[in-house]
Amino acid sequence: MGKVIVVTSGKGGVGKTTSTAALGAALAQNGERVVVVDFDVGLRNLDLVMGAERRVVYDLVNVIQGEAKLTQALIRDKRLENLFLLPASQTRDKDNLTTEGVDRVITELKRVFDWVICDSPAGIERGATLAMRHADMAVVVTNPEVSSVRDSDRIIGLLDSKTLKAERGERMEKHLMLTRYDSVRAERGDMLKVDDVLEILSIPLVGIIPESSDVLRASNMGAPVTLADARCAPAMAYFEAARRLRGEQLPITIPGDKRGIFGKIFGRKAA
Amino acid sequence: MTKVLTDARSIRIKGRSFLALVLSPDLPLDDWLVRLDDLASRSAGFFLDRPVVLDVTGLVIDKIQLKDLFEQLAERNVRIMGIEGARPSMLGPGMPPAMKGGKPAADVEVKQREAVSEDAETESEAPAPADLQQGRPAAQSLVINEPVRSGQSIIFPEGDVTIVGSVASGAEVIAGGSIHVYGALRGRAMAGSIGNSASRIFCRKLEAELVAIDGIYKMIEDMSPALVGQPVQLWLDGDSIMASTII
């Protein structure tokens, strides 16, 4: 049986879709069978980031409503043969998702894939709660700023109350993915520091993704950043995060902390 | 250091819990209404002057059907004060507010009556509330071993609340007694909500949005900046909230 991960945040625009695609590709590059599922019905984006927007025939809603088989809706990635996408519908809305339908699709995917990664829509409404409902673990994507942190805190509360795991009395495994982190700005006080975010959210870190133009470039190319340029800083951070999700114990590195000796001297002088 | 934090004129906000009857309709609604009429004919005036909450959890109906149900109930003199378990899309203006966080109490026995007489309405009101009060367990303190997240509320009118963790911004804790937070208090804390002026609020780090004791409240903006971020206890002296750091 595969593991179901929900990538969620509460707030929009913090990097859920980017992280879903990057983690999916990173896990698939290790040879595991991975499917990324877009739950943002009506505002789908995962197909663009995966570079599969012209290959969508059937979608999640079609499968839920019985208009298409799961195998017809799944799109195989052109670069990695064990990476698949289940796109959302752009012409419908979230009311088309039913609890039973989602339950059936996830159960079927879990049988075939090692990892089922659900890209949650923003918000705390039907789409988001259905995306998290069947998850075994959650990746909470947060930007180092107060509104994102508070929304993530709200989502963590929902993960502990509105999921199947919570209803069965089990604990949901939650991981914090801090995205768009800029150590220079955090040091200046323009951004929350890693420790501040951890203190507020009190869940373990799975990765810190540095702010980088590589991420935007990869999205616009239609490739997960871990496939576009595997050696850039954000891609390496995603690869490490994927290894941690697999259960490996790796020390967390804060991007930008490895400043050279000159940086240290200047840093001291400035202070 | 001890500081007076309130002026003489203050607004009292209190929490109070009331016992409401919970009606859970099932489908088809026509059949259910027939059974309700049957019950009402056996015990006339059963719903009269009683707060009633409609529980629609798991009921597959839409907004129009729900509105229709309210009208049907209103015709039977059943007034709905709140609705539980409804999807936001089912509710709208002019409808009772959504309620959540209800605690279960003993089931209400409907008194059987052979003949409905003129004075039935006054008689049938008396017994139920007394029975219901006894069903509550005598718990005095509540311990929460994890952080209280934004959007969550802990309501415990029976006694003290201890939180081993932080209370996030946008979360609230309402206790009949004192509130102890072994972490940062960033949300709202209301102690002594059922009129206990001796209750206090303790926290490791005071960053609260609002604190209240026995209905007297204070925003963090009105507090001394020296207290913010410090371990603090708050108590009530007359109509003033007092605060001091604790080491």
Side-chain angles (χ1 to χ4, degrees), chain A residues 8-11 41-42 93-101 103 122-130 132-133 138 140 142 145-163 165-167 169-174 176 192 195-204, chain B residues 56-66 84-92 98-103 144-155 163-173 181-188 203-210 220 228-231:
Chain A
T8 185
S9 71
K11 192 173 182 298
V41 179
D93 61 34
K94 272 127 190 134
D95 290 340
N96 289 290
L97 295 173
T98 61
T99 313
E100 302 75 38
D103 185 39
I124 52 170
E125 286 80 25
R126 191 172 180 76
T129 47
L130 277 176
M132 68 170 68
R133 186 159 177 79
V140 180
T142 306
E145 48 104 10
V146 282
S147 53
S148 172
V149 171
R150 182 155 84 178
D151 290 0
S152 293
D153 196 56
R154 179 90 168 93
I155 280 289
I156 296 168
L158 294 181
L159 287 166
D160 283 334
S161 62
K162 290 275 174 75
T163 53
K165 261 203 139 149
E167 282 168 15
E170 296 166 32
R171 275 201 78 81
M172 164 84 70
E173 212 181 297
K174 297 170 291 278
L176 176 66
L192 291 178
D195 287 345
D196 299 337
V197 181
L198 283 177
E199 207 254 319
I200 296 172
L201 295 180
S202 53
I203 57 170
Chain B
V56 295
T57 311
L59 201 65
V60 192
I61 55 171
D62 59 23
K63 194 171 177 171
I64 297 148
Q65 287 170 298
L66 189 63
E84 192 181 15
R87 290 191 307 277
S89 62
M90 284 161 65
L91 299 173
M99 301 185 90
K100 58 182 177 183
K103 272 176 278 181
I144 298 187
N145 278 311
E146 48 201 25
V148 184
R149 305 285 181 184
S150 185
Q152 292 179 332
S153 52
I154 308 289
I155 302 170
I163 292 143
V164 188
S166 295
V167 177
S169 158
E172 64 181 6
V173 180
V181 182
Y182 291 93
L185 172 58
R186 299 193 176 91
R188 301 169 158 216
C203 63
R204 277 258 180 92
K205 197 174 179 188
L206 180 74
E207 288 173 8
E209 291 161 353
L210 179 145
I220 196 151
V228 176
Q230 299 301 311

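Reckoned from all heavy atoms, side chains included, excluding hydrogens, waters and symmetry mates. So that the names make sense, note that chain A is the first sequence line, chain B the second, and so on, each numbered from 1. Keep in mind it's a predicted model, so treat the numbers as computed, not measured.
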Next on the checklist: Quick check: closest heavy atoms across A/D153 and B/S150, and the distance to 0.1 Å?
Outcome noted: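 Closest approach of A/D153 to B/S150: OD2-N, 2.5 Å.
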
Item to check | Least distance between heavy atoms, A/I200 atom then B/R149 atom | outcome: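 Between these two residues, the closest heavy atoms are O-NH1, 4.1 Å.
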
Item to check | Crowding at CZ, B/R188 (>12 non-hydrogen neighbours, <6.0 Å) | outcome: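 No.
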
Item to check | A/E199/B/R204 salt bridge by N-O under 4.0 Å criterion | outcome: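 Salt bridge: no.
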
Checklist entry - Roughly how far, to the nearest 0.5 Å, is CD of B/E146 from CZ of A/R171? => result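 Nearest 0.5 Å value for the CZ-CD distance: 5.0 Å.
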
